[in-house]
Amino acid sequence: MSIPPPLLPALSKVPVRPVQAKPDRHFVTALARGLDVLSAFRSRDRMLGNQELARRCGLPKSTISRLTYTLTRQGYLVPATDGKGATGYRLGSAVLALGGAMLARMDMRQMARPLMQDLADSSQAMVSLGVRDRLSMIYVENCRSESALTLSLDVGSRIPLAQTAMGRAYLAGCSDSERSDLMERIRAHDEQAWPATRAGIELALAHYREHGCCASFGDWQKDVNAIAAAFRPEGGRAVMVVSCGGPGFKLSPQFLMTEVRPQLVGLVRKLQNASGEAY
C-alpha cells in the first residue's frame with residue numbers, strides 16, 4: 001500500500017535506529033585474526049612485515065605485532081630478512097604440516113592427475129584443479145604441457161573468484177544460496193567495480209548453462225585465456241573445478257571453446273563418476 005504524500009515529511013523526521021547484529025558468542029575473534037594473518041601470504045611473497053600485514057588484514061599494526069609474535073612462538077611464522085636490512089616473516093613449517101595433511105587426504109588429486117596431464121599435453125596448456133577459499137580459488141593440483149612451462153602459477157597459488165574462469169565455474173556449480181552469499185560478498189568487497197563484475201559473472205553463468213563451462217578471455221589478465229568446469233565429488237564434499245588455460249597468443253577463445261571444451265567437459269564427467277565409485 002502506498003503512503004499518501006502528506007505523510008512523507010512527517011515520516012522523514014522519525015529517527016531510525018540501526019539494527020545491530022547479535023554477537024556470535026561462539027566466534028573467537030583473536031583466532032580469526034590470526035588465521036587472517038596466515039591467509040595474507042601469497043605464493044609470490046618472500047616475506048611480509050607487520051606494516052604490510054596490517055594493510056592486508058585491515059588491522060592496527062599493534063594488533064598485528066601481537067599476532068605475529070604469537071604465531072612465531074607456535075611455529076606458524078618464522079623471522080626473515082631481505083638482505084637489505086628489512087625484516088619480516090615468512091610462513092613456517094607448522095603451516096606446511098597442516099597443508100600437507102590436507103593435500104594427502106585429497107584423493108581427488110590422484111584421480112585427476114593423469115586425466116589432467118593428458119588434457120594439458122593435447123591442448124598445449126596448463127590444466128589445474130582448484131577449491132574455493134573465501135573469495136579466491138586455490139590450486140591443489142597442476143599439470144603443464146612443455147609449452148606452458150613459462151606460467152608461474154603452481155599448487156597453492158591463489159586467484160580471484162569473480163574474474164577467473166575457475167572462480168566463475170565454481171559460482172556456476174555451487175548451490176543457489178551459496179552463490180547469492182558469495183555474490184553479496186564480492187559486491188561488498190569492491191562496490192565500484194561491482195556492475196562490471198556482476199555482468200561478467202552473469203555472462204559466464206549463461207555460458208555454463210549453454211556450453212557446460214565458464215570462460216575468462218582476458219578478464220583477469222589481459223594476455224591469459226581459460227575455460228573451466230565444476231563438479232561436486234560424492235559424499236557431500238565441496239565443489240571442485242578443473243580449468244584449462246594459458247597465454248592468449250597460443251590459446252585463442254575459438255580453440256578453447258571448439259577443441260578443448262569437449263575434452264574438459266568429458267574429463268570433469270569422468271571425475272564425477274570416479275568419485276562416486278571411490279566413495
Side-chain angles (χ1 to χ4, degrees), residues 24 26-27 31-32 35-36 38-43 95-116 119 126-143 153-189 197 201 204-205 207-209 212-216 220 226-245 264-279:
D24 185 349
H26 297 291
F27 188 84
L31 174 60
L35 294 174
D36 284 342
L38 297 179
S39 298
F41 285 82
R42 302 291 182 264
S43 58
V95 176
L96 178 62
L98 289 177
M102 180 264 191
L103 289 175
R105 292 182 59 84
M106 195 174 289
D107 55 349
M108 185 53 64
R109 296 172 62 236
Q110 285 72 39
M111 293 184 190
R113 185 169 182 80
L115 299 174
M116 291 169 58
L119 179 57
M126 184 173 78
V127 179
S128 306
L129 178 68
V131 296
R132 181 179 71 84
D133 175 43
R134 287 169 283 189
L135 298 182
S136 300
M137 297 297 293
I138 296 180
Y139 288 170
V140 297
E141 189 59 88
N142 242 352
C143 294
L153 297 174
D154 210 333
V155 172
S157 293
R158 183 185 297 263
I159 61 176
L161 188 69
Q163 292 82 21
T164 61
M166 179 177 277
R168 291 169 174 177
Y170 183 92
L171 290 170
C174 67
S175 67
D176 292 342
S177 59
E178 183 180 2
R179 185 185 310 111
S180 296
D181 175 66
L182 289 172
M183 293 284 278
E184 176 59 26
R185 289 163 62 184
I186 292 169
R187 180 198 63 77
H189 181 71
T197 300
I201 292 174
L205 296 179
H207 283 174
Y208 201 91
R209 290 190 293 270
C213 71
C214 288
S216 176
W220 172 45
I227 59 174
F231 67 101
R232 185 185 293 274
E234 294 289 342
R237 289 179 285 180
V239 172
M240 305 186 79
V241 182
V242 179
S243 69
C244 180
L264 175 65
V265 172
L267 185 158
V268 167
R269 187 177 297 114
K270 289 179 181 178
L271 291 179
Q272 180 73 64
N273 295 336
S275 69
E277 295 171 0
Y279 189 79

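Worth knowing before you read on, the calculation uses all heavy atoms, side chains too, and leaves out hydrogens, waters and symmetry mates. Bear in mind the structure is a predicted one, so any value in this text is a computation, not a measurement.
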Where [X] and [Y] come nearest, the two heavy atoms and their spacing:
| X | Y | result |
| --- | --- | --- |
| Val127 | Cys244 | CG2-SG, 4.0 Å |
| Gly212 | Ala229 | O-CB, 3.6 Å |
| Ala238 | Pro233 | O-CD, 3.3 Å |
| Val241 | Ala228 | CG1-CB, 3.8 Å |
| Ala230 | Tyr208 | N-OH, 3.0 Å |

In Å, rounded to the nearest 0.5 Å, how long is the span from [atom1] of [X] to [atom2] of [Y]?
| X | Y | atom1 | atom2 | value |
| --- | --- | --- | --- | --- |
| Asp36 | Leu31 | CG | CG | 9.5 Å |
| Leu171 | Leu182 | CG | CG | 6.0 Å |
| Ser243 | Met116 | OG | CE | 7.5 Å |
| Leu135 | Arg185 | CG | CZ | 5.0 Å |
| Thr197 | Met183 | OG1 | CE | 9.0 Å |
| Ile201 | Arg179 | CD1 | CZ | 10.5 Å |

Taking side chain to side chain contact (heavy atoms under 4.5 Å, CB included) as the definition, give me every residue that meets it alongside [X], ordered by chain and number, with sequence neighbours left out.
| X | result |
| --- | --- |
| Ala226 | Ala165 |
| Leu115 | Leu267, Lys270, Leu271 |
| Arg113 | Gln117, Glu141, Cys143 |

Run the side-chain hydrogen bond (donor to acceptor under 3.5 Å, both in side chains) test against [X] and tell me which residues pass, sequence neighbours left out.
| X | result |
| --- | --- |
| Arg158 | Asp133 |
| Arg269 | none |
| Ser128 | Asn142 |
| Ser39 | Arg134 |

Val242 side chain near Phe231 side chain, heavy-atom distance below 4.5 Å:
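The answer is yes; the side chains approach within 4.5 Å.
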Would you check if Val140 and Met108 make a side-chain contact, meaning some heavy-atom pair closer than 4.5 Å?
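Side chain of Val140 against side chain of Met108, heavy atoms only: no contact under 4.5 Å found.
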Side chain to side chain donor-acceptor pair (under 3.5 Å) partners of residues 159-174, not counting sequence neighbours, each pair once
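Only Arg132-Tyr170, Arg168-Asp219, Tyr170-Glu178 qualify under side chain to side chain donor-acceptor pair (under 3.5 Å).
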